[in-house]
Amino acid sequence: MQKILNFIGGEMREPVSGRYFETDDPSVGAPYALVPDSGAEDLELAVTAAKKAFPAWRDMPAAERAKALHKLADLIDRNKDAFARAECIDNGRPVAGCAAVNIARGSANLRFFADEAVTFTGEKFKTDKIESYTLPQPLGVVATISPWNLPMLLFTWKFAPALAAGNCVIAKPSEVTPMTACMLAGLANEAGIPAGVLNVLHGKGANIGAEMTAHPDIPAISFTGGTATGKTIYASAAQQLKKVSLELGGKNPTIVFDDADLNKAVEGAITAGFSNQGQICLCGSRLLVQEAIYEDFKKAFVARAKEIKIGDPLLAETQHGPMVSKTHMEKVLGYIDLAQKEGGKILTGGRRYIVDGRCKDGWFIAPTIIEGLPMTCRTNQEEIFGPVVTIMPFKTEEEAVALANNVEYGLAASVWTQDRVKADRVAAHIESGIVWQNCWNMRDLHTPFGGVKKSGVGREGGRRALEFFTEEKTVSRCI
Ligand code: NAD
């Protein structure tokens, strides 16, 4: 069994308690590594190291901090194959997707925020009597907590802007997928990141995660994960009026109008529905198709879903790997059962999928499409977070928008039509933080990222992330 370690004050450390728990390789359905079950004592060590490192890191020119983050990005790229393989084993995403998305975005996030911070400055104001300027100043020791679905991408997305802005960080990756965060920590010294600036603690949300959100010397928490956890963290942070950024769940619509380019829309809906086995917060799990093209679209969509290559995620040609864990597979299968009890008809998939050979005990579910459910049923209201898409027809633009908005979530939507004016009208009326027109998950890292309703609080991305990790001080003088 491989052993994962915490990274505190520039050193790999065992948890103070000496306790570990197992983490699984979902493609073979068996444990393969031990994860520190960190607690309050580990956090205390990390906070002490981070507080000690803070003044020098804060006072370093942003360009110097950027150099270290660029070096870390270079080291990730140099080891990208090892990172992609480790992420694949830990998470189940096929290795090609891990390399092209999870790991590539890991280094890209570091580079992006390193450069953004160099040009991140305050504002100037002037009246006839007063001139003022603002100083955006880092907060001190901040915490980032990330989920399992895109481990390296989201781990770096959270801590990179914090470090770039001059904070020291205590970062907690998901206990379900801790491996690449541990590998990255192992490169921090070589990158020239001073001891204590980046600390990585592993463990369970209810233990180390809760300790982090309650710690009096941590003034800000940047969290990505489920809505229920987000509520717990929000409540805990409120006790000490901490800043929080909450990026939470989604139940995103894909809306296809009858004037859409059918082939592109089918391909887009497939990518939106089934990328990363449907385990992306942005996945389009509710597919709304205008009635004139409904039958043709459905036929093409189901046929295309059946072509997705399921198998051993370590093979380059595999497109669809296992669910991240047994618990998660059982949750998704439970929703597929529920969908049938609610009157849904399975058009393809709908059960555990057995892969021959090495992965025979893996936790696979084939891409699943369900028809015939009302928007108000639980299957269409709750986040399933698996390869499950419901499909339903709509008549008018107004009906499509009403159906799209008829959920508690509001993270993302994609709209497929060749009518630009209609696409803009729908975008304006959809209740979500992000709307894609004739594409899905095309990301410019400068743009604000976040959700409305139960999908989150605040915006990340570009300048917004740097604003979150700083406080603006206003300095004024009479003229
Ligand atoms: P989760 O909420 O179970 O866990 C996320 C992280 O929070 C983990 O590191 C976990 O250990 C930690 N945690 C759990 N309980 C905690 C507590 N009480 N205090 C502090 N930390 C705690 O989420 P998950 O199952 O890992 O991830 C899937 C969810 O994440 C889905 O709902 C998905 O939509 C969401 N997500 C959202 C975005 C976004 O940007 N909006 C991106 C990716 C994933």
Side-chain angles (χ1 to χ4, degrees), residues 21 23 35-39 43 90-91 93 101-102 105 109 143-159 170-178 181 200-215 218 221-237 239 242 244-252 275-285 323-325 327-329 331-332 382-386 407-412 432-434 441 443 445 447-461 464-465:
F21 56 87
T23 184
V35 188
D37 188 3
S38 307
L43 179 59
D90 210 23
N91 169 272
R93 184 176 200 160
V101 182
N102 301 27
R105 260 293 296 281
N109 287 340
T144 67
I145 302 178
S146 48
W148 51 256
N149 67 311
L150 298 165
M152 181 77 158
L153 187 159
L154 289 168
F155 183 65
T156 49
W157 175 249
K158 308 247 95 183
F159 82 70
I170 299 176
K172 191 195 106 50
S174 169
E175 63 272 38
V176 184
T177 54
V200 181
L201 295 182
H202 296 276
K204 295 186 176 158
N207 300 342
I208 184 62
E211 294 288 348
M212 287 163 72
T213 60
H215 198 287
I218 297 179
I221 318 281
S222 179
F223 170 77
T224 298
T227 295
T229 314
K231 287 182 190 172
T232 306
I233 290 176
Y234 210 3
S236 166
Q239 301 311 309
K242 294 182 185 215
V244 287
S245 172
L246 303 174
E247 297 292 345
L248 309 177
K251 189 74 182 173
N252 312 299
S275 287
N276 201 23
Q277 296 82 247
Q279 301 170 133
I280 300 180
C281 54
L282 308 164
C283 275
S285 53
M323 300 285 94
V324 75
S325 67
T327 315
H328 192 55
M329 175 188 71
K331 175 187 154 185
V332 174
E382 297 174 18
E383 186 185 43
I384 299 173
F385 216 54
V407 287
E408 281 196 320
Y409 294 101
L411 187 55
S432 70
I434 303 157
N441 201 6
R443 295 275 294 115
L445 302 187
T447 57
F449 182 94
V452 300
K453 303 193 321 194
K454 299 280 162 42
S455 287
V457 175
R459 290 290 177 274
E460 300 184 349
R464 271 70 176 181

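For ligands, and for the atoms within them, numbers begin at 1 and follow the listed sequence. Computed from a predicted model, the values in this text were never measured in an experiment. The chain is numbered in sequence order, starting from 1.
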Which residue holds the protein heavy atom closest to [atom], what is that atom called, and what is the gap in Å?
atom: atom 37 (C) of ligand 1; value: Leu248 O, 3.1 Å
atom: atom 40 (O) of ligand 1; value: Phe449 CE2, 3.2 Å
atom: atom 12 (C) of ligand 1; value: Ile145 CG2, 3.6 Å
atom: atom 44 (C) of ligand 1; value: Asn149 OD1, 3.3 Å
atom: atom 23 (O) of ligand 1; value: Gly226 N, 3.3 Å
atom: atom 28 (C) of ligand 1; value: Phe385 CE2, 3.6 Å
atom: atom 24 (P) of ligand 1; value: Trp148 NE1, 3.4 Å
atom: atom 10 (C) of ligand 1; value: Glu175 OE1, 3.5 Å

Check: [Y] main-chain N/O paired with [X] side-chain donor or acceptor under 3.5 Å:
X: Asn276; Y: Leu150; answer: no
X: Asn91; Y: Val324; answer: no
X: Lys242; Y: Ile218; answer: yes
X: Gln279; Y: Met323; answer: no
X: Ser38; Y: Gly203; answer: no
X: Ser432; Y: Gly410; answer: no
X: Asn102; Y: Met152; answer: no

**Prompt:** Using 4.0 Å as the upper bound for N to carboxylate O, is an ion pair formed by Lys158 and Glu247?
**Reply:** no
Look at [atom] and find which of [options] reaches it with the closest heavy atom.
atom: atom 14 (C) of ligand 1; options: Leu154, Thr229, Thr213; result: Thr229
atom: atom 38 (C) of ligand 1; options: Pro178, Gly451, Cys281, Ala237; result: Cys281
atom: atom 19 (N) of ligand 1; options: Gly205, Pro147, Gly225; result: Gly205
atom: atom 21 (N) of ligand 1; options: Pro173, Ala171, Gly209, Gly249; result: Gly209
atom: atom 6 (C) of ligand 1; options: Ser325, Ala210, Ser146, Gly230; result: Ser146

With heavy atoms under 4.0 Å as the rule, classify the contact between [X] and ligand 1 as side chain, backbone, both or neither.
X: Leu150; result: neither
X: Ile233; result: side chain
X: Glu383; result: side chain
X: Ser236; result: neither

**Message:** Side chains of Ser275 and Asn441, heavy atoms from C-beta outward: is any pair under 4.5 Å?
**Reply:** no
**Request:** Report yes or no: do Glu460 and Ser245 form a side-chain donor-acceptor pair below 3.5 Å?
**Result:** yes
**Request:** Identify whether NZ of Lys or CZ of Arg in Lys331 sits under 6.0 Å from the centre of the six-membered ring of Phe385 and within 45° of that ring's axis.
**Result:** no
**Asked** Any protein heavy atom under 4.0 Å from atom 4 (O) of ligand 1?
**Response** no
**Request:** Report the C-alpha distance between Arg105 and Trp157 in whole Å, list the side-chain angles of each, state the deciding distance to 0.1 Å, and finish with yes or no for side-chain contact (heavy atoms from CB on, under 4.5 Å).
**Result:** CA-CA 8 Å; Arg105 260 293 296 281; Trp157 175 249; 3.5 Å; yes
**Asked** Is the shortest distance from a heavy atom of Ser174 to ligand 1 less than 4.0 Å?
**Response** yes
**Request:** Using distance alone, decide if ligand 1 has a nitrogen or oxygen within less than 3.5 Å of any nitrogen or oxygen in Lys204.
**Result:** no
